[in-house]
Amino acid sequence: MIEAFIAAGAAVIVGGLSLIGVIITNSRSNSKMQNEMKTVQAVMEERIEELTREVRIHNDFARRIPVIEEQMKVVNHRVSDLEEYHKGK
């Protein structure tokens with residue numbers, strides 16, 4: 001009878017120690033995973049900021065190109081007028 005209590009007590013102690021080990025392992029694993037996720041999140045946010053900056057630069061060029069094209073038309077027309085004027089002399 002005492003042997004049964006000793007065996008049951010030992011099983012409870014071993015089970016309790018195993019449970020504590022599992023809790024500690026899971027806690028550390030969870031903490032490590034959260035740190036890795038924070039790092040990945042920070043990298044992704046930095047990449048998004050860089051892409052946003054590049055898109056803004058591109059949009060600025062896209063807005064300015066039609067203006068430049070129009071100015072080039074005017075310049076080409078003026079050059080043509082000057083060429084015609086000098087041909088006549």
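Residue indices begin at 1 and follow the sequence shown.
Remark: M44 CE to E46 CD distance equals 12.0 Å, nearest 0.5 Å. Rounding to the nearest 0.5 angstrom, the gap separating the CG atom in N59 from the CZ atom in R63 is 8.5 Å. To the nearest 0.5 Å, the span separating CD on E83 from CG on N76 amounts to 9.5 Å.
T52 places a side-chain N or O within donor-acceptor distance of the main-chain N or O of I48, the cut-off being under 3.5 Å. The main-chain N or O of N26 is never found under 3.5 Å from a side-chain atom of N30 such that the two would form a donor-acceptor pair. The main-chain N or O of S27 is never found under 3.5 Å from a side-chain atom of S31 such that the two would form a donor-acceptor pair.
When side chains are defined from C-beta on, I57 does not count as touching E54, because their heavy atoms never get closer than 4.5 Å. M37 places none of its side-chain heavy atoms less than 4.5 Å from the side chain of Q41. Taking the side chain as every heavy atom from C-beta outward, N35 and T39 never approach each other to under 4.5 Å.
Counting heavy-atom neighbours within 6.0 Å of E3 CD, excluding the residue itself, gives a total of 12 or less.
A salt bridge links E50 to R53: at least one charged side-chain nitrogen sits closer than 4.0 Å to a carboxylate oxygen.
In this view, D81 satisfies the salt bridge (Lys or Arg N to Asp or Glu O under 4.0 Å) rule with no residue, not counting sequence neighbours. Listed by chain and number, the residues in a salt bridge (Lys or Arg N to Asp or Glu O under 4.0 Å) with R64 are D60 (sequence neighbours excluded).
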